[in-house]
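Below you'll find the structure, written out as structure tokens, and then a few comments.
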Amino acid sequence: MSSFVRNAAGGARNAVRRNQNRAPDNVQIRHSNPPHLLTLADLSPAQITTLIQNALAFKYVYKNVSPRALMSSLDKRTVALLFSKRSTRTRVASETSVKALGGHPMFLGKDDIQLGVNETLEDTARVVGSMVDGIMARVGGHHEVETLAKYSPVPIINALSDLYHPTQILADIMALHEHYAPTPTPPRPAEGEGSHTSVLKYFQSTVDPIKSLKGKKVAWVGDSNNISNELLVTLPRLGMEFSLAAPKGYDTVDERVWKKVTEAGTESLVTLTNSPSEALVNADVVVTDTWISMGQEQEKADRLKAFAGYQITNKMVTDAGAKEDWRFLHCLPRKQEEVDDEVFYGPRSLVFPEAENRKWTIMACFE
Ligand SMILES: NC(=O)OP(=O)(O)O
């Protein structure tokens, strides 16, 4: 499979030079009924823009007007949070978001219900979906969230699968947009009814994340995983370049993901390589993630060996020729082996705004 990556990289490198300013927007909107969110690949750039505008409005109103001024769009509604894996950010963001929108978040961990153990995913989707208004599901294999979506009568949001993590990448896009285009101050609305609507209208007319991000280069240096997959199928469609460096043996890009890239016609904006310095040339943004994801703990010794030389440091990124004002993202939780403290806690790091934005972007998805 790594030869697939190398072959794809060869094609991508040549094409990037020819198409630096291209902003592909040719992806069809694929909505089933109800509208699930399994990957951002299923949303058009315009829909992603709408979610970011909504998230910015939620953040602004909550912090600068009043939490009471938020639309109560989940009034009397229940969202089931089906989590078969641990979570800090996604769980806290989801529970607080449902509550802030006037709804009831029902957390169901792996020991709480019969999810895939004593009852099939199909039956679970039918039964739980008949009693709640939406389901946020953190699963193992992506087929699990696809099965839930196939049989659920209410919307399913993917809270992480082994293939994709759409709500994480919405937060990344929001954090980058805020960095490159600080949020304008809307005319101050009066507290109470209508203030949220007026802020949202203002952001819909003034905020354009595609404009602020188009042409930026994002370099991923680390394991090829669900986060890099989601970036691959999303950022190039916003007109951004995406380069991915992973060591041989850890550089597999899943065929389902690459199919989405080719369907979108965005190969030209993608570089796949085994060389961190090649990926980092001219990068505006550097991203990494843990080298040892949930369930890979047994592979720790092998992985630490394979990823030698991949730790993000100021020297490594600067020596490779990244842009002078490069910034750093990490979805968290973080371990020191993949990025040192100087970068992680330093002025280039956007990791904590990125983490906070999990809440506002998830709120936008629920709304
Ligand atoms: N980034 C992320 O998904 O964090 P959690 O696993 O803590 O939800």
Side-chain angles (χ1 to χ4, degrees), residues 37-41 51-52 55 59 79-100 105-112 115 134-142 144-145 148 156-176 178 218 220-235 257 285-297 312 327-339 343-345 349-366:
L37 177 56
L38 304 192
T39 165
L40 294 180
L51 284 171
I52 300 299
K59 185 174 186 176
V79 177
L81 309 175
L82 256 58
F83 278 47
S84 64
K85 289 183 158 189
R86 285 192 306 271
S87 169
T88 298
R89 279 142 290 274
T90 315
R91 176 176 176 178
V92 174
S94 300
E95 288 204 32
T96 55
S97 293
V98 175
K99 188 76 187 153
M106 180 188 286
F107 184 81
L108 300 167
K110 69 179 169 56
D111 297 325
D112 293 326
L115 187 66
I135 297 174
M136 179 95 174
R138 173 165 286 205
V139 298
H142 191 67
E144 295 175 46
V145 77
L148 291 173
I156 300 284
I157 296 178
N158 178 6
L160 178 145
S161 69
D162 65 354
L163 197 62
Y164 292 120
H165 196 358
T167 60
Q168 176 63 53
I169 302 318
L170 280 176
D172 293 12
I173 293 168
M174 181 171 173
L176 290 178
E178 288 178 308
V218 174
W220 175 277
V221 176
D223 196 12
S224 174
N225 64 12
N226 49 2
I227 305 288
S228 61
N229 289 343
E230 194 69 60
L231 290 166
L232 253 174
V233 299
T234 305
L235 298 190
V257 174
V285 182
V286 179
V287 198
T288 192
D289 189 8
T290 181
W291 300 337
I292 303 141
S293 295
M294 284 182 270
Q296 296 172 336
E297 291 78 6
I312 304 295
R327 288 293 179 269
F328 177 74
L329 291 177
H330 190 305
C331 65
L332 308 178
R334 165 257 184 178
K335 296 183 190 65
Q336 204 172 28
E337 58 227 21
E338 69 259 9
V339 54
V343 172
F344 186 77
Y345 292 111
S349 176
L350 301 176
V351 298
F352 293 108
E354 177 189 10
E356 181 196 328
N357 286 344
R358 297 299 310 283
K359 171 164 176 158
W360 312 115
T361 47
I362 283 175
M363 205 180 279
C365 291
F366 284 147

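All ligand and atom numbering here is 1-based and tracks the order in the structure. These numbers were taken from a predicted model, which means no experiment stands behind them.
Protein residues having at least one heavy atom under 4.0 Å from any atom of ligand 1 are Ser87, Thr88, Arg89, Thr90, Arg138, His165, Gln168, Cys331, Leu332, Arg358, listed by chain and number.
The side-chain hydrogen bond (donor to acceptor under 3.5 Å, both in side chains) test with Thr39 singles out one residue from His142, His165, Glu230, and that residue is Glu230. With Leu329 as the fixed residue, the side-chain contact (heavy atoms from CB on, under 4.5 Å) test singles out one of Leu176, Val218, Leu231, Val286: Leu176.
Surrounding NZ of Lys335 are more than 12 heavy atoms belonging to other residues, nucleotides or ligands, all under 6.0 Å away.
Sorted by first then second residue, the salt bridge (charged side-chain N to carboxylate O under 4.0 Å, His left out) pairs that include residues 79-88, not counting sequence neighbours, number zero.
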Could you go through Gln168 and Asn226, starting from their C-alpha distance and side-chain angles, then the distance that decides it, and tell me whether this counts as side chain to side chain donor-acceptor pair (under 3.5 Å)? CA-CA 10 Å; Gln168 176 63 53; Asn226 49 2; over 6 Å; no
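No cation-pi contact links Arg91 to Phe83, judged by a cut-off of 6.0 Å to the six-membered ring centre and 45° from its axis.
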